[in-house]
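By convention in this document, chain letters (A, B, ...) are assigned in the order of the sequence lines, proteins followed by strands, and residues within each chain are numbered from 1.
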There are 2 protein chains.
Amino acid sequence: MTHTYQYPRAALTVDCVVFGFDEGDLKVLLIQRDLEPFSGKWALPGGFVHIKESLENAARRELAEETGLKNIFLEQLYSFGAPERDPREHIVSVAYYALVSLAEHRPQAATDARQAAWFNLDDTPDLAFDHEEILATAIARLRGKVRYEPIGFELLPSRFTLGQLQHLYQVVLEEKLDKRNFRKKILGTGLLVDTGEIQQDVAHRAARLYRFDERKYQQLRKRGFSFWL
Amino acid sequence: MTHTYQYPRAALTVDCVVFGFDEGDLKVLLIQRDLEPFSGKWALPGGFVHIKESLENAARRELAEETGLKNIFLEQLYSFGAPERDPREHIVSVAYYALVSLAEHRPQAATDARQAAWFNLDDTPDLAFDHEEILATAIARLRGKVRYEPIGFELLPSRFTLGQLQHLYQVVLEEKLDKRNFRKKILGTGLLVDTGEIQQDVAHRAARLYRFDERKYQQLRKRGFSFWL
DNA sequence: AGTCATTGTGTCTAAAATACACTATGAGTT
DNA sequence: AACTCATAGTGTATTTTAGACACAATGACT
């Protein structure tokens, strides 16, 4: 069955930049294309938006189909519509970015045949289409946003140590932070709750585990509080 | 002539939230629709994206056609794609926001037959489609961005007084600012150049006219400087 | 000469950011 | 048992930045 319109229409896709954090490095999830164009090249997970499907739903559906990831933090990034961005025809892509904790969303066996793999951010292969530009835009957004919204927690397991949190911020912001000042500031927000538990199986003094108090953050935010780092 | 595709496609539009500032108030430019759906209702200027046209070009073309505005500050805002946002069919809209100085882009005789008018932000009519949501998103973006990027200048004439600038910030941020502290901070950035001229035709002491030093800002920005207010 | 609206200017105080170094813990090694 | 190693955990003094605050200067208009 075919569909006919009076004027030509661009096709519409979604692409997702999935960031993962894993004791040490910030990574991005890529899939290897098995179809033309750019068959064999690495690309961001994504695909065509179905008719009568919201953009965010399309992004979540494609993520689930191509990478198995569900119920994760996902936010719209930017829309890319340069006419020559796809060699076939004019395809407009609405990009999203997602944050996951690698500890809680394990090795990502792609549910579908395509190969999916995590790449260190400073060691990514050449990407298909304009996906390098999309990735660069996503990195810039993550760096900018992590300072004034508590989204960094999405990259950590639900219980984490202050050391892990500081390390995450150092990797994302690409700058060294002072331990005492960092702890003072982050605990000063009152948004971290000491779970009473401590780290297990580490070859050094075990640290306390904290969790982020989402409820409290939402309450404070309504009253004009803003998160800063 | 018609165009046929294997799968149904959503249509693609752009919509523009044009903010104008005029000695006193922040306004938004709306047009009155002359076609169904929502004929007679006010709406954001915008229209269908042509095939092989970039999104930003489409926004600039529609702005020129519907409002006569050209060569203005324009930035992508967000994409709206809820399936029921247009009663006819699934139409995805990429929204942009624009900033103009009303002093330099005068009363806006719409070039095309449609009526265009500036509305005070706290006195806007009911809008067609989901344009109220788009407008709210644009206001939030403007408020957020004005603090850490020097985009406020786009709303003023190229030469302006510190009083006008302070007033603009007060209106956008909806808070009162201390005159001496404001001047100290804004002059402290080194990004304002005293043109040596002074205001004409005012019924009180005439103020110095400044201009924003765009070149210097771009240089500083490369070296990691960030604008704060 | 006086009124009016707005410009333009400096200091003191409070708050926040930054710099900085040692002891504590517990696993692993000898 | 003693030692090494890696990381956790803690406080103060200094510098920087933000915020409060009041009055004289200008120039058009009456």
Exercise. Could you state the CD-P distance from A/Gln200 to C/dT25, rounded to the nearest angstrom?
Worked result: 17 Å
Exercise. B/His167 has an atom NE2; how far is it from atom C1' of C/dT6, in whole Å?
Worked result: 13 Å
For this session: Nearest whole angstrom, please: distance from the C1' of D/dG11 to the NZ of A/Lys185.
Result: 17 Å
Exercise. With a 3.5 Å cut-off and no angle check, do the side chains of A/Tyr96 and A/Glu75 form a donor-acceptor pair?
Worked result: no
Problem set entry | Salt bridge present between A/Glu175 and A/Arg147 (N-O < 4.0 angstrom) | yes
Seminar exercise, completed: Considering only heavy side-chain atoms of A/Arg180, the closest of C/dT7, C/dC20, D/dA8 is C/dC20
Exercise. Please give, in whole Å, the distance from D/dT17 P to A/Trp228 CH2?
Worked result: 16 Å
For this session: Provide the closest heavy-atom pair for B/Gln166 versus B/Leu177 in the form atom of the first, atom of the second, distance.
Result: NE2-O, 2.8 Å
Problem set entry | Distance-only side-chain donor-acceptor flag, A/Arg215 / A/Gln218, under 3.5 Å | no
Exercise. Less than 3.5 Å between a donor and an acceptor, one on the side chain of A/Arg183 and one on the base of D/dA8, is that the case here?
Worked result: no
Problem set entry | B/Arg205 side chain near C/dG8 phosphate (N/O to OP1/OP2, under 4.0 Å) | no
For this session: Let me know the distance between CG of B/Asp178 and P of D/dA22, rounded to the nearest Å.
Result: 11 Å
For this session: Determine, using ring centers only, whether A/Phe38 and A/Phe129 are less than 6.0 Å apart.
Result: yes
Exercise. Hey, does A/Ala203 reach any base, or is it just sugar-phosphate, or nothing, if we go heavy atoms under 4.0 Å?
Worked result: base
Seminar exercise, completed: To the nearest angstrom, the CG-C1' distance between B/Asn181 and C/dT13 comes to 12 Å
Exercise. Which part of the nucleic acid, if any, lies within contact of A/Arg208, taking any heavy atom under 4.0 Å across all strands shown: a base, the sugar-phosphate backbone alone, or nothing?
Worked result: sugar-phosphate
Exercise. In whole angstrom, what separates A/Phe182's CZ from C/dA19's P?
Worked result: 16 Å
Exercise. Side-chain donor or acceptor of B/Asp201 under 3.5 Å from a matching atom on the base of D/dA28?
Worked result: no
Exercise. If you pin A/Ile198 and A/Lys184 to their nearest nucleotides in DNA chain D, which one's is more 5'?
Worked result: A/Ile198
Exercise. Between the base of D/dA8 and the side chain of A/Lys179, is there any donor-acceptor pair under 3.5 Å?
Worked result: yes
For this session: Using whole Å, report how far CD1 of B/Ile186 lies from P of C/dG8.
Result: 14 Å
For this session: Between A/Ala206 and B/Gln199, just flag the one whose closest nucleotide in DNA chain C comes earlier from the 5' side.
Result: B/Gln199
Seminar exercise, completed: By nearest-nucleotide position on DNA chain D, the 5'-leaning member of B/Val202 and A/Tyr210 is A/Tyr210
